[in-house]
Amino acid sequence: MSALTVLEAVREAMREEMQRDPTVFVLGEDVGRRGGVFLATQGFIDEFGEDRVIDTPLAEAAIAGVAVGAAMRGMRPIAEIQFGDFMFPVFNQIIGEAARIRYGTRGNVSVPLVVRSPYGGHVRGGLFHSQSPEAYFAHTPGLKVVTPATPYDAKGLLKAAIRANDPVIVLEHKRTYRSVRGEVPDEDYIVPIGVADIKREGDAATIVTYGLTLHYSLQAAEKMAQDGVEVEVIDLRTLKPLDRDTVLSSVRKTNRVLIVHEDNISLGVGAEVSAIIAEYAFDSLDAPIMRVAGPDIPAMPFAPTLEAAYMPTAEKIESALRQLLEY
Amino acid sequence: MAQTSISFPNGLTAEDLLDIYSTMVLVRALDERIWAMNRQGKAAIVASSQGHEAAQLASVWALRQHAKDYFCFTYYRDLAVTVSQGLTPTETLKGFLAKDGEPLSGARQFPQHGAMLDRRVINISNVVGTHVPHAVGWALAVKLCGEESVVAAYMGDGATSQGEVHEAMNFASVHKLPIVFIVENNKYAISVPLHRQMNIGQISDRAAGYGMRGVTVDGTDVIASYSACADAIEHAVAGGGPSLVEVDVERYLPHTSDDDDTVYRDPAEVDEARKRDPLVKLRTLLVGEGLLSDERDMELRDVARAEVDSATDAAEAAPFPSDYDVFDYVYE
């Protein structure tokens, strides 16, 4: 076991997969000589050479489209999009094309690629270094979307994504890169895509969350525990396909659910989770399904006071929990 | 074989010209049949390669002759490429009738769309231009694997306006990838004429902007088209990187069967365009050079007609695909 940060776990996952499988390669802006602006690929170009660690032109659509083409021919590209806020040029190639290629060729062509990107805010990133683009991808049949928030999950899920034969979007919350440290096995392992994780057991209520707000939810749950209230916290880890079973089992146990995510509240992942719970665990509910999420404003402002107004924090989560429990 | 005055480029023979001609006759017969079937209400949507056949077939012959291996990323108008790459008349018509047994996509997609890897064709999407980055990625994979293969990426004039196409060409040139961009310039993107599409006279002018070779040739001339493609392919094979080959062709039919070009096109201009019919041009050349007799020509056309007729019967008799697996193949 080693204690790694999320960023170190991401780096290790890619390095190990590149050592293991010669078809794996990395492409993106600054991934080569600089080792990535977050140093996710630090040292890679020396170890693997510039053929497998490609500094691309500043052109996200091409990064994604070239990755699609290479994947169709049997390579396993890892395309790094420097910030989640720059995912939009990638939509045509990933949502419009990659997601549909297996289906559109009746299984004859597949796209085993990974698009990974640092996303999320509470880092003074302002409008264009703070966004959470997961919902657009999670809405698309044919894609898989993972959002690991711990080092163990980050390494295991990125490995699983690289080995998967479908296009996988891996969103890494940038605030967790250096601030979250955890134990990671030294031996090879994966975390399966599509399986949520109960990070904290409880019986009074269930929080369903992912990303940075996992950590804020755990903080809120610790506060509640001081009052003898034990809250269960589920880390979705995968947004597509959603692990319905884990969520529904928990709701049947606790009867109250709060969904937390940083992304804008309307039509976010929480809306889908809420609909699933309402349809399949209606009889188990003792209270309405509640959500704490980013407000419907176009992303996080730069000034610290304005950013704080946006951000779902442990305090806001705790306040919502108390409301939920009082229903 | 009779002596001819044709100056054959390296790799192209009189035999080849006759093979190209008989393929062109078949493709044209198929093309005319699918339009007829659309007007009969049997084929929902039709786009054809009429006017483009010489350039398309010349490129395929050049790939076969000058590259050890190759792969084609086509677009919706490349019927001559897909047929010469082995899509049979029956399979072609099944595609247009959306019948079971259609190999490119199981009739999940528009005709001509999907993939036939064994026959070296991918044409996934009819969102214009999205396939050009794919073609570049495929070429990148070829290079990373140290293999010897050339990718041909086909597109129309309109496609060259798409941002992703610029990005793809730039990427290919930076990385000196083994790819040929074949631009079939018929001067119309549905109704938008060339001068509203770009402020340059020749699309090949763009090549210099990407640091790659560019050439414009008469796309209705098999020999000129072959020559240009062969050069570009050899350049790629030798590690010289990409080229842009612009083939100047004509579209004298509407964009697709859903289009009414009388709304935007001067009939006199369409008549002029028809004069560059590549099938007529090739026939005239072959007959003039004594390489093709009228009897042989008639024979070829009868054979083609018979093939298309029997393919029509087979396609019409085939059922629509069952929906038993319509929810499958989303994921592995």
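Within every chain, numbering begins at 1; the chains are lettered A, B, ... in the order of the sequence lines, protein sequences first and strands thereafter.
- Judged by distance alone, the side chain of B/E102 and the main-chain N or O of B/A107 form a donor-acceptor pair under 3.5 Å.
- The cationic group of A/K155 does not satisfy the cation-pi geometry with A/Y189, failing either the under 6.0 Å distance to the six-membered ring centre or the 45° limit from the ring axis.
- Residue B/H175 touches chain A through its side chain alone, counting heavy-atom pairs closer than 4.5 Å.
- Taking the ring centre of A/Y103 as origin, the terminal cationic atom of B/R108 falls inside the region bounded by 6.0 Å and 45° from the ring axis.
- Only the side chain of A/D166 comes within contact range of chain B, with at least one heavy atom under 4.5 Å from a heavy atom of that chain.
- Salt bridge status for B/R120 with B/D69: present, with a side-chain N to carboxylate O gap under 4.0 Å.
- Only the backbone of A/L143 has a heavy atom closer than 4.5 Å to any heavy atom of chain B.
- Residue B/A135: no heavy atom, backbone or side chain, is found under 4.5 Å from chain A.
- Proximity to chain A (any heavy atom under 4.5 Å) is restricted, for B/D328, to the backbone atoms N, CA, C and O.
- Checking side-chain atoms of B/Q56 against main-chain N and O of B/A80 turns up a donor-acceptor pair under 3.5 Å.
- With a 4.5 Å cut-off on non-hydrogen atoms, B/L117 touches chain A through its side chain but not through its backbone.
- Only the side chain of B/F73 comes within contact range of chain A, judged by heavy atoms closer than 4.5 Å.
- If you measure heavy-atom distances from B/V165 to chain A, you find no contacts under 4.5 Å at all.
- Judged by distance alone, the side chain of A/Q93 and the main-chain N or O of B/T130 form a donor-acceptor pair under 3.5 Å.
- Of the atoms belonging to A/M75, it is side-chain heavy atoms, and not backbone ones, that fall under 4.5 Å from chain B.
- Interface residue A/E60: only backbone heavy atoms are found under 4.5 Å from chain B.
- For a residue to count as touching a neighbouring chain, one of its non-hydrogen atoms must lie under 4.5 Å from one of that chain's; by this rule B/E332 touches chain A with backbone and side chain alike.
- Both tests pass for B/K99 against the ring of B/F320: distance under 6.0 Å to the centre and angle within 45° of the axis.
- For A/A59, the parts sitting under 4.5 Å from any heavy atom of chain B are the backbone and the side chain alike.
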